[in-house]
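Reminder, nothing fancy here: chain letters follow the sequence lines and each chain counts from 1.
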Protein chains: 2
Amino acid sequence: MNPSLYIRDPEQSELGKNIIKHSIQLIHDNGFEAFTFKKLAESIGTTEAGVYRYFENKHKLLVYIISWYWGWIQFQLNYQTNNIKDPIVKLKKIITLLSTNVEDDITTGHVDEAQLHQILISEGSKAYLTNHVGKDNKQQFFQPYKDLCNAIGDIILECNPKYKYPHSLASTIFEMAHLQNFFMNHLPSLTDFSKSKNESDIIKYLEDLVFKSIRE
Amino acid sequence: MNPSLYIRDPEQSELGKNIIKHSIQLIHDNGFEAFTFKKLAESIGTTEAGVYRYFENKHKLLVYIISWYWGWIQFQLNYQTNNIKDPIVKLKKIITLLSTNVEDDITTGHVDEAQLHQILISEGSKAYLTNHVGKDNKQQFFQPYKDLCNAIGDIILECNPKYKYPHSLASTIFEMAHLQNFFMNHLPSLTDFSKSKNESDIIKYLEDLVFKSIRE
DNA sequence: TTATTTATGATAGTAATACTATTATTTAAA
DNA sequence: TTTAAATAATAGTATTACTATCATAAATAA
């Protein structure tokens with residue numbers, strides 16, 4: 001994790017881990033706009049000042065947990081496609097990974113991956129859609145996202161070395177896996193998926209989009 | 001315009017038109033997070049209470065100006081594709097329309113379309129990425145966006161009546177025309193476009209994506 | 001063991017934001 | 001010309017987003 005995101009490393013103490021855990025819970029439940037350090041402190045049983053010793057402001061905390069997700073997806077991608085040779089199968093794995101509402105991984109006690117995935121759907125783009133995106137970018141806040149798009153882009157190029165837009169297609173897959181899910185659940189007429197809350201339709205759409213795009 | 005978005009119709013008075021004009025200016029210049037009714041009032045030369053007589057809160061004002069854009073795009077789409085028969089040419093027009101940083105249309109004195117386009121790029125998704133999206137949707141706030149995606153979806157179906165995801169592809173075009181532009185300018189390594197600020201690359205990418213997707 | 005650093009808790013306080021309310025004054029419609 | 005409506009001016013409240021201070025508890029070093 002990028003140390004510029006925090007003041008004190010939340011992984012290194014119980015209070016820190018509680019801040020992460022309860023932030024994910026609260027942002028998941030009420031959205032980022034309604035999320036305040038005061039509510040967070042109350043939920044943990046500490047004080048506002050206690051939270052401020054870990055994070056400068058709520059935006060950096062949001063970027064922290066979203067970075068955590070980017071890194072976790074990168075790990076899952078490496079892990080799940082490790083012994084797969086066919087890049088098409090790899091790409092399908094990634095589409096499914098990004099589109100599917102994952103199970104909570106119990107090995108990461110203070111992070112609920114299922115809730116994090118929901119946060120990415122509703123709040124993910126707020127990490128960068130700010131007027132200080134340039135400053136944040138200079139501090140490398142988005143490096144894990146860039147690494148992820150590079151990795152996906154490499155697999156796209158393995159499928160078709162002549163394809164001209166591997167990075168744009170990678171970011172399109174990432175963003176659309178989340179946005180089409182949001183639309184499906186809240187503005188279904190912007191999609192062709194009934195409010196079945198079934199992600200398999202989104203996967204089919206993205207596979208159709210991607211594999212038609214990259215075929216020679 | 002949906003009357004639930006405002007308290008008093010801003011089109012019906014000079015003050016109202018000033019609220020729209022200066023809102024677009026301020027949100028364009030400093031972003032939506034930094035935008036407050038106090039700053040807006042100061043910029044106009046009225047008082048905070050004056051603004052609150054027109055809009056309940058800054059979110060509804062944002063949705064108002066974004067709705068204005070959706071409606072304007074719909075109008076431009078109808079106008080520009082009116083006497084075109086070939087649906088492929090129509091679709092290209094739409095992609096170009098959504099991707100291009102338009103000129104300010106001087107016939108709409110209080111709305112600067114060029115600035116509005118920039119606002120859509122940076123703030124567009126904040127219209128619906130809220131925890132009250134369901135409530136807003138019940139009040140039909142997103143009807144112009146749905147109408148637009150339907151219209152684009154119809155043209156997609158004209159190109160290929162068997163294509164299975166016309167609405168999802170329409171919302172993908174709309175969102176990606178904006179998001180790839182944002183990435184190009186602020187996080188270029190998420191794209192394959194150099195920071196040339198040249199939208200023609202985005203148009204080529206989207207045309208490639210769309211026409212490969214819908215070809216039979 | 002004691003001394004000392006370090007993290008946390010408790011409390012207070014400030015500036016800005018997001019509003020609501022009241023009254024006076026100007027403008028426009030009946 | 002009366003009356004209603006819109007606006008300006010001012011004040012005030014609750015919440016948010018912080019900063020600062022001091023006491024205490026826990027961990028660590030001498």
Side-chain angles (χ1 to χ4, degrees), chain A residues 3-23 25-27 29-65 110 123 126-127 130-132 135-136, chain B residues 3-23 25-27 29-65 110 123 126-127 130-132 135-136:
Chain A
S4 304
L5 285 171
Y6 50 77
I7 295 165
R8 205 192 306 292
D9 184 358
E11 294 281 343
Q12 300 303 315
S13 73
E14 274 312 302
L15 178 58
K17 284 179 209 165
N18 266 322
I19 288 171
I20 302 308
K21 183 178 176 174
H22 287 82
S23 295
Q25 182 82 51
L26 286 174
I27 295 172
D29 290 352
N30 314 309
F32 184 62
E33 273 66 46
F35 173 76
T36 71
F37 277 6
K38 191 170 191 190
K39 289 178 195 165
L40 174 60
E42 274 163 21
S43 152
I44 297 168
T46 183
T47 59
E48 231 181 321
V51 178
Y52 276 104
R53 263 181 232 114
Y54 282 82
F55 289 96
E56 209 181 315
N57 55 53
K58 70 174 191 166
H59 181 256
K60 285 196 176 173
L61 177 44
L62 179 72
V63 177
Y64 181 94
I65 64 171
H110 58 298
E123 324 289 346
K126 295 172 191 170
T130 65
N131 62 334
H132 47 86
K135 224 179 82 197
D136 289 357
Chain B
S4 304
L5 284 171
Y6 50 78
I7 295 165
R8 202 190 308 289
D9 184 357
E11 294 281 343
Q12 300 304 314
S13 73
E14 274 312 302
L15 179 57
K17 284 180 208 165
N18 266 322
I19 288 172
I20 302 307
K21 184 178 177 173
H22 287 81
S23 295
Q25 183 81 52
L26 286 175
I27 296 173
D29 291 352
N30 313 310
F32 183 62
E33 272 68 45
F35 173 76
T36 71
F37 277 5
K38 191 169 191 192
K39 288 178 195 164
L40 173 61
E42 273 162 23
S43 153
I44 297 168
T46 183
T47 58
E48 229 181 322
V51 179
Y52 276 105
R53 258 180 247 115
Y54 282 82
F55 289 97
E56 208 183 315
N57 54 55
K58 71 174 190 165
H59 181 257
K60 284 196 177 174
L61 175 46
L62 179 72
V63 177
Y64 180 93
I65 64 171
H110 58 300
E123 324 289 347
K126 294 172 191 170
T130 65
N131 64 332
H132 47 86
K135 224 179 81 201
D136 290 356

Quick check for you: among [options], whose closest atom lies nearest to any side-chain atom of [X]?
X        : options                  : answer
Leu15(B) : dA10(C), dT16(D), dT7(D) : dT7(D)
Thr46(B) : dA17(D), dT17(C), dA8(D) : dA8(D)
Arg53(B) : dA17(D), dG9(C), dT7(D)  : dT7(D)

Going by atom types alone, do Tyr54(A) and Ser13(A) pair a side-chain donor with an acceptor below 3.5 Å?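 Note: Tyr54(A) and Ser13(A) side chains meet the donor-acceptor criterion.
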
Rounded interatomic separation in angstrom, taking [atom1] from [X] and [atom2] from [N]:
X        : N       : atom1 : atom2 : result
Ile7(A)  : dA7(C)  : CD1   : C1'   : 14 Å
Glu42(B) : dT17(C) : CD    : P     : 10 Å
Phe32(A) : dA17(D) : CZ    : P     : 8 Å
Asn18(A) : dG9(C)  : CG    : C1'   : 15 Å
Tyr52(B) : dA9(D)  : OH    : P     : 18 Å
Leu40(B) : dA16(C) : CG    : C1'   : 16 Å
Lys38(A) : dA14(D) : NZ    : P     : 12 Å
Phe37(B) : dT15(D) : CZ    : P     : 20 Å

Quick check on DNA chain C: between Ala49(B) and Lys58(B), whose nearest nucleotide comes earlier from the 5' end?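 Result of the comparison: Lys58(B).
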
Assign each of Asn57(B) and Ser13(A) to its nearest nucleotide of DNA chain C by heavy atoms, then name whichever residue's nucleotide is nearer the 5' end.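 Nearest nucleotide further toward 5': that of Ser13(A).
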
Could you check whether any side-chain N or O of Lys39(B) sits under 3.5 Å from a backbone N or O of Ala34(B), counting only pairs where one atom can act as donor and the other as acceptor?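 At least one qualifying donor-acceptor pair exists.
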
Does the side chain of Phe32(B) reach to within under 4.5 Å of the side chain of Lys58(B), using non-hydrogen atoms?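 Yes - at least one pair of side-chain heavy atoms lies under 4.5 Å apart.
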
Both Glu56(A) and Tyr54(B) contact DNA chain D. Which one's nearest nucleotide lies toward the 5' end?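 The answer here is Tyr54(B).
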
Side chain to side chain contact (heavy atoms under 4.5 Å, CB included) partner of Ile19(A), chosen from Ile65(A), Thr46(A), Ile44(A):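 Among the candidates, only Ile44(A) passes.
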
Classify the side chain of Arg8(B) and the base of dA5(D) as holding, or not holding, a donor-acceptor pair under 3.5 Å.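 Checked by distance alone, the answer is no.
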
Heavy-atom donor-acceptor pair, Glu48(A) side-chain to dC18(D) base, under 3.5 Å: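 Result: at least one qualifying N/O pair found.
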
Non-hydrogen atoms of Glu11(A) and Lys17(A) that approach each other most closely: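 Heavy-atom minimum between the residues: O-CE, 3.2 Å.
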
